[in-house]
Number of protein chains: 2
Amino acid sequence: MRPGDLERVQSLPLFQDAAPETFRVATAGAHVQRFPAHTMLLLEGDPVDFLYVLLDGQAELHGTWNDHETVLAILRPVSTFILAAVVLDTVALMSARTLERCELLMIPGDAIRTAMRLDARFAQAVSRDLAGGYRGLVRTIKNHKLRGGVERLANYLLALRASDNAGSTVRLHFEKRILASLLGMTPENLSRAFAALHDHGVTVEGSLVHIAKPGALEALAKPDPLIDNHAPRGGDILIDADAEIWSSEWNRATSR
Amino acid sequence: MRPGDLERVQSLPLFQDAAPETFRVATAGAHVQRFPAHTMLLLEGDPVDFLYVLLDGQAELHGTWNDHETVLAILRPVSTFILAAVVLDTVALMSARTLERCELLMIPGDAIRTAMRLDARFAQAVSRDLAGGYRGLVRTIKNHKLRGGVERLANYLLALRASDNAGSTVRLHFEKRILASLLGMTPENLSRAFAALHDHGVTVEGSLVHIAKPGALEALAKPDPLIDNHAPRGGDILIDADAEIWSSEWNRATSR
DNA sequence: TGTCTGGTTTGATTTGCATCAAGCCAGCAC
DNA sequence: GTGCTGGCTTGATGCAAATCAAACCAGACA
């Protein structure tokens with residue numbers, strides 16, 4: 001483990017509330033492992049023995065059925081994944097694969113479950129993390145069931161712009177075929193969706209996307225705070241911070 | 001509150017592990033309320049003040065965007081809902097509406113959050129509940145992204161058969177237009193999907209669905225334990241019980 | 001009983017998306 | 001350089017699902 005890695009992990013919402021002792025015990029049995037690009041970390045259906053913490057690199061969660069595959073999330077550091085399976089001590093519903101060279105901290109599931117038993121504050125943090133994840137998935141489902149492909153792409157771009165505090169040009173952090181699968185379409189159709197956004201001020205050059213007229217794009221995308229976690233709140237002070245500061249990339253990845 | 005109601009609530013996975021004192025405190029501030037059919041219980045975007053427990057009747061969770069609406073889950077007794085929003089003390093992402101006359105126990109969110117702080121076992125139970133819910137949503141997303149409409153319907157029918165331990169005839173518990181929305185299609189297409197299943201031994205009479213050739217239907221549906229919670233496990237003893245005995249109807253509702 | 005209403009079904013048409021196929025382009029090995 | 005390879009794009013075609021429209025049917029109700 002590199003200097004600073006533990007601190008980065010400890011500052012995750014999942015752990016920052018835990019008692020120092022809890023954190024120490026949980027990470028005592030953990031180990032860091034490096035994986036090359038395009039390596040399967042976990043296969044759906046397999047028992048989950050570790051909570052994974054992505055320290056460096058990018059990874060993907062995907063699901064399979066009937067010889068088809070769909071990307072469910074893209075993970076970027078620092079984030080944890082498959083917490084739900086760890087809590088229930090059961091098999092994974094998603095497979096995980098590295099997109100590039102990755103460095104992962106693997107914390108034994110037993111340690112996590114024990115820590116939950118001993119430290120109520122940690123158990124609460126787990127609950128908050130899972131609740132945030134749950135809500136991210138609800139957003140994803142609404143995104144997919146209520147919007148068409150072009151709208152999903154438009155909102156994804158707006159989310160990227162908001163999250164990477166980018167200016168008018170945003171960078172896609174991974175291949176377009178991955179993005180297509182994440183957004184629930186074929187690479188061909190993603191290409192056509194980008195073409196459709198051309199009329200709304202969007203131009204593409206490799207992995208760089210220029211948004212010339214954010215207003216026009218928003219008019220098409222109709223972002224909604226109840227689907228897109230970045231979207232502007234209706235003008236009220238009631239809710240000033242959605243507690244979903246969440247460890248994984250779900251929100252960004254699934255278009256917020 | 002009727003006699004026996006409290007016992008039914010206490011026997012939920014969410015509460016059966018809690019200390020009796022915890023349960024007493026949490027339900028002390030709770031009250032039972034009855035609602036007529038087709039009544040909005042909760043509007044997406046509104047702050048969530050209560051954890052709802054459906055004691056009697058049927059209710060629906062749905063989401064809205066751009067004048068469209070989609071059903072996200074059907075709830076049947078006894079189940080809790082919007083736990084995630086309660087844990088995070090934030091606004092609802094889904095609206096809730098009664099489908100028929102309903103009886104609900106409403107537990108103040110404060111009481112739930114306090115109980116989590118005081119009782120680590122309860123906090124663990126909340127985590128398990130949310131983890132189960134999370135996994136239910138992952139299943140739902142895989143179901144929608146990987147399967148076509150007819151396949152979703154076929155699997156839904158098989159799930160119904162398995163859960164209601166029905167024989168060869170199953171009962172749809174709610175209107176077909178609701179089911180259509182839940183499965184992500186229009187009522188017209190649900191009708192056509194049923195017609196398509198006719199060749200595979202499925203006949204419909206009102207809300208009664210007869211499955212003449214379960215084998216043929218399974219061949220079409222290709223149920224998968226990693227999507228459909230009812231599906232037969234591959235032949236191993238490793239996992240004998242998925243811990244997702246979960247309070248709500250998600251699994252059944254969203255086709256398991 | 002007749003009439004109204006709303007859910008369901010069926011058919012015709014259009015739209016959206018997937019599939020198939022070819023071409024393009026950059027990176028890279030040789 | 002040449003010739004790969006793999007990702008991306010573009011076009012043509014086919015299929016699945018939404019939409020539009022009309023008919024049907026059952027229950028509610030006067």
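Every chain is numbered from 1 and lettered A, B, ... according to where its sequence line falls, protein lines coming before strand lines.
- Distance A:L190 CG to D:dT10 P: 12 Å, rounded to the nearest Å.
- Computed from coordinates, the A:F194 CZ to C:dC17 C1' distance equals 17 Å when rounded to whole Å.
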Inset, instruction - Determine, step by step, whether B:Y156 and B:H230 satisfy the ring pair (Phe, Tyr, Trp, His ring centres under 6.0 Å) criterion, reporting the C-alpha distance in whole Å, the side-chain angles of both residues, the deciding distance to 0.1 Å, and the verdict. - result: CA-CA 10 Å; B:Y156 179 83; B:H230 71 90; over 10 Å; no

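- Taking atom CG of residue A:L153 and atom C1' of nucleotide C:dG16, one finds them 15 Å apart after rounding to whole Å.
- Proximity note for A:K176 (side chain, C-beta onward) versus D:dT19, C:dT10, D:dC8: the nearest is D:dC8.
- The interatomic distance linking A:L183 (CG) with C:dC17 (C1') rounds to 14 Å, in whole Å.
- Within the 4.0 angstrom heavy-atom criterion, only backbone atoms of the sugar-phosphate kind lie near A:G149; the bases stay farther away.
- For D:dA18, the OP1/OP2 oxygens have a side-chain nitrogen or oxygen of B:N189 closer than 4.0 Å.
- A donor and an acceptor atom never sit less than 3.5 Å apart when one is taken from the side chain of B:R177 and the other from the base of C:dG6.
- Aromatic ring centres of B:Y52 and B:F81: separated by under 6.0 Å.
- Rounded to whole angstrom, the span from the CG atom of B:D67 across to the P atom of D:dT19 amounts to 13 Å.
- If you find the closest nucleotide of DNA chain C to B:R192 and to B:E175, the one lying nearer the 5' end belongs to B:E175.
- Between B:R101 and B:H38 the shortest side-chain heavy-atom distance does not fall below 4.5 Å.
- Residues A:A92 and A:L43 come closest through the heavy atom pair CB-O, 4.3 Å.
- Applying the 4.0 Å criterion to OP1 and OP2 of D:dA18, one finds that B:T186 has a side-chain N or O inside that range.
- In this entry the distance linking CD of B:E205 with C1' of D:dA26 reads 14 Å, nearest Å.
- With rounding to whole Å, A:L179 atom CG is found 14 Å from D:dG7 atom C1'.
- Between the side chains of B:H210 and B:T203, not a single donor N or O lies within less than 3.5 Å of an accepting N or O.
- Of all nucleotides listed (D:dA18, C:dG7, D:dT9), D:dA18 comes nearest to the side chain of B:M185.
- In this structure, B:G148 reaches the sugar-phosphate backbone alone: every heavy-atom distance under 4.0 Å involves primed, P, OP1 or OP2 atoms, never a base.
- Rounded to an integer number of Å, the gap from A:R147 CZ to C:dG16 P is 17 Å.
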